[in-house]
Amino acid sequence: FMRTPGNPKWEKTQLTYRIVNYTPNLTRTDIEALIEEAFKVWSDVSPLTFNRTLDKEADIQISFARKDHGDNSPFDGPDGILAHAFQPGPGIGGDVHFDAEETWTKTPENYNLFPVAAHEFGHSLGLAHSSDPGALMYPNYAFSDPSTYTLHQDDINGIQAIYGPSSNPVQPTGPTTPTACDPRLTFDAITTLRGETLFFKDKYVWRKHPRLRMIEFNLISLYWPSLPNGIQAAYEDFDRDLIFVFKGTQYWALSGYDTQQGYPKHISNYGFPSSVQAIDAAVSYRGKTYFFVNYQFWRYDDQSQSMEPGYPQSIEEFFPGINSRVDAVFQENSFFLFFSGPRYHAFDFHARRITRVGKSNRWLNC
Amino acid sequence: FPVSSASPEEKNRNIVQNYLEKFYQLPRYTYKSERKSKTNVIVETLKRMQRFFGLNETGKPNEETLEMMRKPRCGVPDSGG
């Protein structure tokens with residue numbers, strides 16, 4: 001995290017805010033609720049309290065404005081700059097301006113007001129931008145669902161560096177951002193996608209392009225805002241140019257950046273019994289899709305769209321040497337790459353044996 | 001439509017200049033004479049932006065850098081006041 005240069009802060013912890021005007025995209029009730037949720041992100045982890053007031057002299061004045069709105073920082077129309085805020089202080093200090101020419105939503109559609117408001121309030125309280133891509137104070141927009149959002153540890157450290165800990169007897173903690181070359185790194189799910197390989201972890205995804213050395217690291221919500229965090233399994237259906245991602249008993253179908261209509265669906269559609277409540281890993285190869293659940297696996301026939309009889313079978317019997325639970329698996333040149341914890345095993349599907357073992361994050365150029 | 005005459009290079013140069021001026025305090029040069037030293041300043045400022053976002057610090061507006069600059073974001077600068 002970074003504090004705003006000069007370390008400005010409010011000398012009091014009970015702050016007031018006023019919503020000066022509204023956007024026509026949302027109802028007043030929705031806006032007031034989203035703004036309240038956004039302030040709660042910060043009050044939950046610090047001694048700060050925020051009370052809405054209608055009088056003119058609120059500490060934090062919130063408004064929607066377009067283009068040049070008299071503060072020497074004109075907005076730029078749809079997209080680009082979404083909002084800005086001023087550091088703690090009198091007058092314009094602490095105020096937050098949203099670009100009125102954006103489409104403001106309360107859904108995963110661009111741009112959800114909640115994450116932008118919570119971010120700008122961080123500036124109103126004295127925080128600058130963080131270079132941690134998982135932090136709320138990261139400069140770029142990313143959708144976050146207010147109902148499941150938990151403030152990142154980096155942001156908690158930042159606000160507590162300014163105002164001290166919360167009065168909560170149990171100090172709140174937040175998630176941290178995985179680092180590619182952490183030797184303990186494990187993956188939640190892996191799938192190929194049109195020649196690239198996607199490595200899922202918590203709310204993040206590494207995107208590896210076969211030819212470029214570059215590996216993109218982003219929030220999953222940047223590509224698929226309506227997907228939940230914590231994907232557990234994923235595979236690519238090459239024939240239909242779709243990838244399927246699984247969490248719990250639900251699954252989604254994605255075509256490129258688009259989430260297919262009519263999802264999520266229930267995994268019982270594949271023919272799983274109700275005893276199966278989650279999939280550990282999945283991979284599709286030559287018209288068959290392999291689902292790994294605990295120490296067993298199921299095989300699904302893509303042609304007949306049905307689970308094959310005689311399953312589940314023991315993983316180790318069919319894939320000799322794969323004797324741990326599978327976190328993730330993908331297929332490359334007739335090899336199944338099995339990931340369990342911080343290690344992977346390359347299994348030659350035709351020779352029916354493991355040919356290589358290594359550290360999982362080797363696939364992230366570590 | 002009045003087709004934009006700017007070449008892709010020109011457009012990218014504008015994206016870079018605009019972004020660095022807004023978020024990394026790249027000085028606005030107006031006089032031709034100043035332009036010589038400007039290139040170095042742009043390269044160093046671009047490296048600062050690439051460092052902040054964990055990109056390869058090439059000092060050149062490569063595709064990953066331009067893609068980062070195109071992302072919707074907060075209007076507060078990433079460094080400085």
Side-chain angles (χ1 to χ4, degrees), chain A residues 2 4-6 8 65 69 71-76 78-87 96-99 102-103 110-111 115-124 127-133 136-143 177 179-180 207 209 212-219 222, chain B residues 1-6 8-30 41-81:
Chain A
M2 273 200 294
T4 301
H69 50 283
D71 64 3
N72 193 32
S73 303
F75 283 134
D76 53 3
D79 303 320
I81 294 177
L82 305 181
H84 56 225
F86 295 84
Q87 63 190 50
V96 173
H97 300 161
F98 296 100
D99 187 343
E102 308 300 348
T103 303
N110 284 348
Y111 296 100
V116 179
H119 173 101
E120 297 307 332
F121 295 154
H123 291 310
S124 305
L127 286 176
H129 282 147
S130 168
S131 55
D132 184 326
L136 176 61
M137 294 313 291
Y138 189 66
N140 295 348
Y141 173 82
F143 168 68
T177 303
T179 43
R207 182 177 164 187
H209 196 282
L212 306 178
R213 280 289 295 172
M214 182 190 97
I215 294 179
E216 264 189 79
F217 178 64
N218 276 306
L219 293 172
L222 192 77
Chain B
F1 296 101
V3 177
S4 149
S5 57
E9 293 74 21
E10 183 75 25
K11 275 190 206 162
N12 288 343
R13 199 176 306 127
N14 292 338
I15 291 174
V16 171
Q17 167 120 10
N18 193 27
Y19 194 93
L20 296 181
E21 283 174 359
K22 271 188 189 154
F23 304 116
Y24 286 83
Q25 278 82 45
L26 177 73
R28 293 170 201 260
Y29 288 80
T30 42
V41 174
I42 286 189
V43 167
E44 287 318 308
T45 309
L46 188 50
K47 282 183 177 176
R48 260 192 313 126
M49 176 263 174
Q50 290 169 326
R51 190 175 317 130
F52 181 91
F53 285 102
L55 304 173
N56 295 318
E57 293 179 41
T58 61
K60 294 187 178 68
N62 51 22
E63 189 43 42
E64 64 172 5
T65 301
L66 289 166
E67 196 172 320
M68 188 64 81
M69 290 180 168
R70 292 188 193 105
K71 290 183 175 176
R73 57 161 290 159
C74 170
V76 173
D78 294 336
S79 69

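Residue numbering restarts at 1 for every chain, and letters A, B, ... go by the order of the sequence lines. Side chains included, hydrogens not; waters and symmetry mates left out as well; all remaining heavy atoms used.
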Which answer fits [X], side chain, backbone, both or neither, if we ask what part of it has an atom under 4.5 Å from a heavy atom of chain B?
{"X": "A/Y138", "result": "side chain"}
{"X": "A/N110", "result": "neither"}
{"X": "A/Y111", "result": "side chain"}
{"X": "A/A83", "result": "backbone"}
{"X": "A/E102", "result": "neither"}

Tell me the closest heavy-atom pair linking [X] and [Y], and the distance in Å.
{"X": "A/H129", "Y": "B/V76", "result": "CE1-O, 2.9 Å"}
{"X": "A/S130", "Y": "B/F52", "result": "O-CZ, 3.3 Å"}
{"X": "B/D78", "Y": "A/P139", "result": "OD1-CG, 3.3 Å"}

(request) Assess the pair B/F53 and A/F217: is the distance between their ring centroids shorter than 6.0 Å? (result)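 No, too far apart.
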
(message) Shorter than 4.5 Å, heavy atoms on both sides: which option in B/K22, B/R73, B/R70, B/E67 has the most such pairs with chain A?
(response)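 With the most close heavy-atom pairs to chain A, the winner is B/R73.
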
(request) Report yes if the side chains of A/H123 and B/C74 come closer than 4.5 Å at any heavy-atom pair, otherwise no. (result)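 Yes, side chains in contact.
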
(request) To the nearest 0.5 Å, tell me how far A/I81 CD1 sits from B/F23 CZ. (result)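 A/I81 atom CD1 to B/F23 atom CZ measures 4.0 Å (nearest 0.5 Å).
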
